[in-house]
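Here is the naming used below: chain letters follow the sequence lines, and residue numbers restart at 1 for every chain.
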4 protein chains.
Amino acid sequence: MGEHVEVGGKVEKRWTRRKDARPAEIVAAALDCFAERGFAGTRLDDVARRAGVTKGTVYLYFPNKEELFKAVVRETLLPHLDRVLGGLEGTPEDPRERIRQAFDFLSGKLLGTPLAVIPKLVIAEAGNFPEIARFYLDEVVGPVRAFLADAIHRGVELGHFRAVDPDHAFYTLIAPLLLAALWQNSLGPHDDRPLDGAAMIRQHLDIVFRGLAPEAPAPGRKERLP
Amino acid sequence: MGEHVEVGGKVEKRWTRRKDARPAEIVAAALDCFAERGFAGTRLDDVARRAGVTKGTVYLYFPNKEELFKAVVRETLLPHLDRVLGGLEGTPEDPRERIRQAFDFLSGKLLGTPLAVIPKLVIAEAGNFPEIARFYLDEVVGPVRAFLADAIHRGVELGHFRAVDPDHAFYTLIAPLLLAALWQNSLGPHDDRPLDGAAMIRQHLDIVFRGLAPEAPAPGRKERLP
Amino acid sequence: MGEHVEVGGKVEKRWTRRKDARPAEIVAAALDCFAERGFAGTRLDDVARRAGVTKGTVYLYFPNKEELFKAVVRETLLPHLDRVLGGLEGTPEDPRERIRQAFDFLSGKLLGTPLAVIPKLVIAEAGNFPEIARFYLDEVVGPVRAFLADAIHRGVELGHFRAVDPDHAFYTLIAPLLLAALWQNSLGPHDDRPLDGAAMIRQHLDIVFRGLAPEAPAPGRKERLP
Amino acid sequence: MGEHVEVGGKVEKRWTRRKDARPAEIVAAALDCFAERGFAGTRLDDVARRAGVTKGTVYLYFPNKEELFKAVVRETLLPHLDRVLGGLEGTPEDPRERIRQAFDFLSGKLLGTPLAVIPKLVIAEAGNFPEIARFYLDEVVGPVRAFLADAIHRGVELGHFRAVDPDHAFYTLIAPLLLAALWQNSLGPHDDRPLDGAAMIRQHLDIVFRGLAPEAPAPGRKERLP
DNA sequence: CATGAATGAGATTTCATTCAT
DNA sequence: TATGAATGAAATCTCATTCAT
């Protein structure tokens, strides 16, 4: 048995000690695997190999597969949560601006980043991991829904929007963003027509803002849509 | 245990249940299991038990787990496909009516029915079953997208809609319906706020149709929105 | 892969169905293994091979190794318990006769039978299986101790024995029997001097009965010791 | 973490504990673990933790688990062997006194000391460690048996005892002592009736000595047994 | 000397699949 | 057709052992 192994095209020594880096590397590798094959479909051997370690090392940092899964969701989400939800707390008073800014943030943070696989993972495994489902509801869905529904609500109150149910409108607003994230990690790669998520989202907001505009052609109002 | 029982002096088959129903029962049971736990997370034992048969019987009708999975998706989809896609071929010339009618159809066929778990299943397993992914793209996504994008396109041409990209607008239209279906089979059960999918969809169409309406200045326009 | 396997020198078909026989065969095989190597030292593979089945079959009947172990102790003990403890309920009024008869029974049931490995097993694994320890105390040690201590007690009351502590005398009585059982399954096989357990026990009872005889040379008493 | 710490202005070795003590500490810790869980059931990690060191350190002193086990039995036994067996070589000519003194010694050295777990360990692992079995037979069982059997033999020759088989009588004599040691380290802790080993042994010797006493009537008899 | 991260062989356990009945 | 005992490959998990620091 040789003294060296090839990892990602690079020859490395066995027995390299990198305590601090390991857990994060394993979590990253696991995220990829879980996203590709789901929880049950992922073999710890694959996670280990992808992380450039052996199975034993995975168990050095995570007591079992289930805890690794939870760690993956949490760890992948947590560092972004503050920034994303913090990003929502933008200043603009105008509800449309608030929403648009939030969407810029969300789509920037979500689409095309590894974070985008999390929704798929959570949706797919909610049945097996109620704990994760609730965590995601509390920490992600809840705040985002609160922020957007509140913005819509204020838009209605301030006369920028028609009288709509803010909670239902929330789905109208958010669904295409989520769908784009799911698409990229499921059917997208098998589809021949590529989806330009950012462009789609731009037009989406445009349509929805017009759809939310007050009934009467409020005289003197200037709709500015980029 | 013998193959026959004597009932009232007559020898009868022990299992009188129509044997032709068996495969369908197994598929139905499998759909539930796959939807709950995913492909790899589902044990054939569970499928069998839920179908009221034994594992061996499953293998009588399906050569292996993978084929059972494909059968589930196909069989669950196929009997609806014609009706749904046929239903899309509704007559109304007015694009908004066409779309509205299609949505009535789709949400009626999807939300709250066992069919609603299919999208989740396909999204979750697309990585493991490219064949299924392509089948779903070809047989479901494609036609629906073609129909809706075409309706939008014609709406634009006929002056009912503003000039929008029909492919992108398709996502704006369809996303909340899909999201509702996913929600019901993943996070919904863990959320304390129930989602009234039909009501949401109604308002959604309302918003989108207004958002697609041509620029206001054209006087003499008759917006008819229920 | 051949259609036949060699089990115990005999060629047998694979896939022989013997539902009723299996659990007992597995328990018997496991008893041997556990007795030889202890709980942790026993590989389920060995148990399976010795029982002429595969690992999977073991798990068909026992949920895990621990339950198999408990089953082994219980099942090995239970069928003998009634007979052994029942055998204690001998009729003779004379305490010495009661005790002697009980010892005949116990040594007949214990020495040289597979039952003899149980004490070793229980002693060795009491630390890991408190449940087994208590079971053995309750079901085996308790009754035997009660019977013998009671016989001694009555012997004292009736004037057949000196005034001794029956509980302590119980150890004097029983220890060599137990030691013989332990010996046969541990050091005995490595010793060059074979131990004739039955003979040893005979002399043991002789010594102890004399040692328990009342102080004064009770006139007219006839000690009959074989 | 540096190898040195500054204490009161002076640089001192961080680990001031005598390094010579380490192996003994590890052996002591291992004895406890092996006694509790058996050889295979003991994790080197536990041994290390109990000894206040790390696994690596164990390997500094013992080439592997098996050697550690052998070392435990040997090291635990050896320092006592001389004293115990030496103690047996007591002066008294009277065989009963010789035996009683030996028992005082043995029960003092065995009961309630860490030495008492060795018999359990040896009995439990004799199957896996024939070498240990033979070592124990040669170094412990042999000398003790020789001493006691010889004492009994001489007792018979000198007319202090009846004509008995010394080898069998050896078991009658020693069994309760051994049983007490086993009991304390296996079932005893799970029993609600505590065993006063010393008291039991006292009465035991009393009974056995009486049981070995020559037949009353024959004054001046000299029993000679082959 | 001592550490403890990393290893990898081997154990337990699961479960899709087979096949005698 | 239906069963379910039996299989065996592959998964998860454990832990004695190694070695860079």
| request: Give the dot-bracket string for DNA chain E, reading 5' to 3', where a pair is Watson-Crick or G-U wobble with both distances under 3.5 Å, ( ) marks pairs inside the strand, [ ] marks pairs crossing earlier ones, | marks a partner on another strand, and . marks unpaired. | output: .||||||||||||||||||||
| field | Pair listing, salt bridge (Lys or Arg N to Asp or Glu O under 4.0 Å) test, anchored in residues 58-69 of chain D, at least two apart | value | D/Glu67-D/Lys70
| query | Between the base of E/dT7 and the side chain of A/Lys55, is there a donor-acceptor distance below 3.5 Å? | reply | no
| query | What residues form a side-chain contact (heavy atoms from CB on, under 4.5 Å) with C/Ala71, not counting sequence neighbours? | reply | C/Phe62, C/Glu75
| note | By salt bridge (Lys or Arg N to Asp or Glu O under 4.0 Å), A/Asp32 pairs with (sequence neighbours left out) A/Arg50
| field | Position toward the 5' end of DNA chain F (nearest nucleotide), B/Leu60 or A/Arg43 | value | B/Leu60
| request: Using side-chain contact (heavy atoms from CB on, under 4.5 Å) as the criterion, list what pairs up with A/Ala48, not counting sequence neighbours. | output: A/Val53, A/Val58
| query | Which residues within residues 32-42 of chain C lie with some heavy atom under 4.0 Å of an atom in DNA chain F? | reply | none
| Which atom pair, heavy atoms only, marks the closest approach of A/Ala40 to B/Gly41? | CB-N, 3.5 Å
| Between atom CZ in B/Arg49 and atom C1' in E/dC15, what is the gap in whole Å? | 13 Å
| message | I want to verify a distance call: between E/dC1, F/dA16, E/dT12, whose nearest atom is closest to the C/Leu44 side chain? | response | E/dT12
| field | Residue list, salt bridge (Lys or Arg N to Asp or Glu O under 4.0 Å) with B/Arg37, at least two apart or on another chain | value | none
| side-chain contact (heavy atoms from CB on, under 4.5 Å) with C/Val122: which residues, sequence neighbours excluded? | C/Val73, C/Ile118, C/Ile132, C/Tyr136, D/Leu187
| When the distance from CG of D/Asp45 to C1' of F/dA16 is rounded to whole Å, what number comes out? | 10 Å
| request: May I ask you to verify if any side-chain N or O of B/Tyr61 is less than 4.0 angstrom from the OP1 or OP2 atom of F/dA2? | output: yes
| query | Any side-chain heavy atom of D/Tyr59 within less than 4.5 Å of one from D/Leu44? | reply | yes
| said: Check the phosphate of E/dC19 against B/Tyr59, side-chain N and O only, distance under 4.0 Å to OP1 or OP2. Yes or no? | reply: no
| Distance test, side-chain N/O of C/Arg22 to OP1/OP2 of F/dA6, below 4.0 Å | yes
| request: Kindly state which residues belonging to residues 63-72 of chain C come within less than 4.0 angstrom of DNA chain E, counting heavy atoms of the residue only, listed by number. | output: C/Asn64, C/Lys65
| request: Ignoring backbone atoms, test whether D/Thr57 places a side-chain nitrogen or oxygen under 4.0 Å from the OP1 or OP2 oxygen of E/dA2. | output: no
| query | Which residues satisfy the salt bridge (Lys or Arg N to Asp or Glu O under 4.0 Å) test with D/Asp45, sequence neighbours excluded? | reply | D/Lys55
| task | Not counting sequence neighbours, which residues clear ring pair (Phe, Tyr, Trp, His ring centres under 6.0 Å) with B/Phe135? List them please. | result | none
| note | Between CD1 of C/Ile26 and P of F/dA5 the distance, given in whole Å, is 12 Å
| query | Mind checking what makes side-chain contact (heavy atoms from CB on, under 4.5 Å) contact with B/Pro130, not counting sequence neighbours? | reply | A/His190, B/Arg134
